[in-house]
Protein chains: 2
Amino acid sequence: MALPHPCASWPDNGRPIRETLDRVGDKWSVLIIGILALSGPLRFSALHQSVPGISQRMLTLTLRHLQRDGLVKRTAYAEVPPRVEYELTPLGSSLRTIVTLLAQWATDHNDEIETARRHFDAR
Amino acid sequence: MALPHPCASWPDNGRPIRETLDRVGDKWSVLIIGILALSGPLRFSALHQSVPGISQRMLTLTLRHLQRDGLVKRTAYAEVPPRVEYELTPLGSSLRTIVTLLAQWATDHNDEIETARRHFDAR
DNA sequence: CGGGATCCGGGCAGATACTG
DNA sequence: CAGTATCTGCCCGGATCCCG
């Protein structure tokens, strides 16, 4: 008789989660969500400065994706100069706890990881 | 006078977090950590089957990365046929809560995201 | 069985220039 | 200011073959 699948309680072997994870798990999303969670609504340029290293293009694309998934709301004001603000939707805000935990974990264990890496590389 | 940076409490504007996030945030890591968290030690082949869609190469690479970062421990048994088991280290286990929350969130809000996407695409 | 090595194509991501 | 457009290089990731 077959053993129960090692990952029985991970729904559909993680299949439906994949697409969701792809959104949250891409290079910039978590960072941007975290920043928006901490700062509230931000303009494009402010966001651009808050995420060091991101290109204009990637910021645009990431925001578009997040918007498409209903995590971020885009509001354009008809002014001159134009002003566009991005903020988390309620759905996006529901990620706040997780993102905060993740950021916390990353800072807490940064040294351990660093050490582990050097130890691993030194062989 | 300069306004306080919008992301003051995100350490170093998220810089040191980036590398850590890159590990956790790549395409397969979270899934693999989640599976190991649920199942305990697994052999390579079992892991391979538990992650539908992953190629052998990517599984190898991802495991190597996780091992390098001290999140996963690899144990090879000198037998015939050879047997290799992967399990979470204590450091890896400390991610268990977060990964579980993430998986929970993904399943909980899968429909909302789906809806948001269709709504967004239909314009 | 558990990988390593190699080849290769597509898309991710940067740089630059331009626009409403 | 907040993007779009275009070009390009490069790395991700799959397929395949091979090895201890």
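So that the names make sense, note that chain A is the first sequence line, chain B the second, and so on, each numbered from 1.
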Assign each of Glu85(A) and Leu61(B) the nucleotide of DNA chain D bearing its closest heavy atom; nearer the 5' end lies the nucleotide of Glu85(A)
Task: Side-chain (Ser94(B)) to main-chain (Leu91(B)) donor-acceptor, under 3.5 angstrom - done: yes
Need one value for Tyr86(B): base, sugar-phosphate or nothing, where a base atom within 4.0 Å counts as base even if backbone is also close, heavy atoms only. sugar-phosphate
The nucleotide from dG14(D), dG20(C), dG4(C) with an atom nearest the side chain of Trp28(B) is dG14(D)
5'-most contact on DNA chain D (nearest-nucleotide basis), Met58(B) vs Arg43(A), goes to Arg43(A)
Result for side-chain contact (heavy atoms from CB on, under 4.5 Å) between Trp28(A) and one of Ile33(A), Leu59(A), Val51(A), Leu61(A) points to Val51(A)
- Under the 3.5 angstrom rule, does the side chain of Thr107(A) hit a backbone N or O of Gln104(A) as a donor-acceptor pair? yes
Is any side-chain heavy atom of Tyr86(B) closer than 4.5 Å to a side-chain heavy atom of Leu66(B)? no
Rounded to 10°, the angle between the first-five-pair and last-five-pair axes of the helix from dC1(C)-dG20(D) to dG20(C)-dC1(D) is 60°
Separation of dG20(C) atom C1' from Arg83(A) atom CZ, nearest Å, is 18 Å
Out of dT4(D), dC1(C), dC1(D), minimum distance to the side chain of Arg64(A) belongs to dT4(D)
Per atom distances to the Arg57(A) side chain, the nearest of dG14(C), dG20(D), dC1(D) is dG14(C)
Okay, side chain of Arg96(B), backbone of Ala37(B): is any donor-acceptor separation there less than 3.5 Å? yes
Practice problem: Establish, with yes or no, whether the OP1 or OP2 oxygen of dA2(D) is under 4.0 angstrom from a side-chain nitrogen or oxygen of Ser45(A). | Solution: yes
Closest to the side chain of Thr60(B), out of dG3(D), dG2(C), dG4(C), is dG4(C)
Among the nucleotides dC17(D), dC1(D), dT4(D), whichever has the atom closest to the side chain of Pro81(A) is dC1(D)
To the nearest angstrom, the CG-P distance between Leu42(A) and dC1(D) comes to 15 Å
Close side-chain approach of Leu36(A) and Glu87(A), heavy atoms under 4.5 Å: no
Note, Ile54(B) side chain near Leu47(B) side chain (heavy atom, < 4.5 Å): no
Of dA2(D), dG14(D), dG2(C), the nucleotide closest to the side chain of Arg74(B) is dG2(C)
Quick note, Phe44(A) side chain, CB onward, closest among dA2(D), dG4(C), dG14(C) is dA2(D)
Which of dG3(D), dG14(D), dG14(C) is nearest the side chain of Ser55(B)? It is dG14(D)
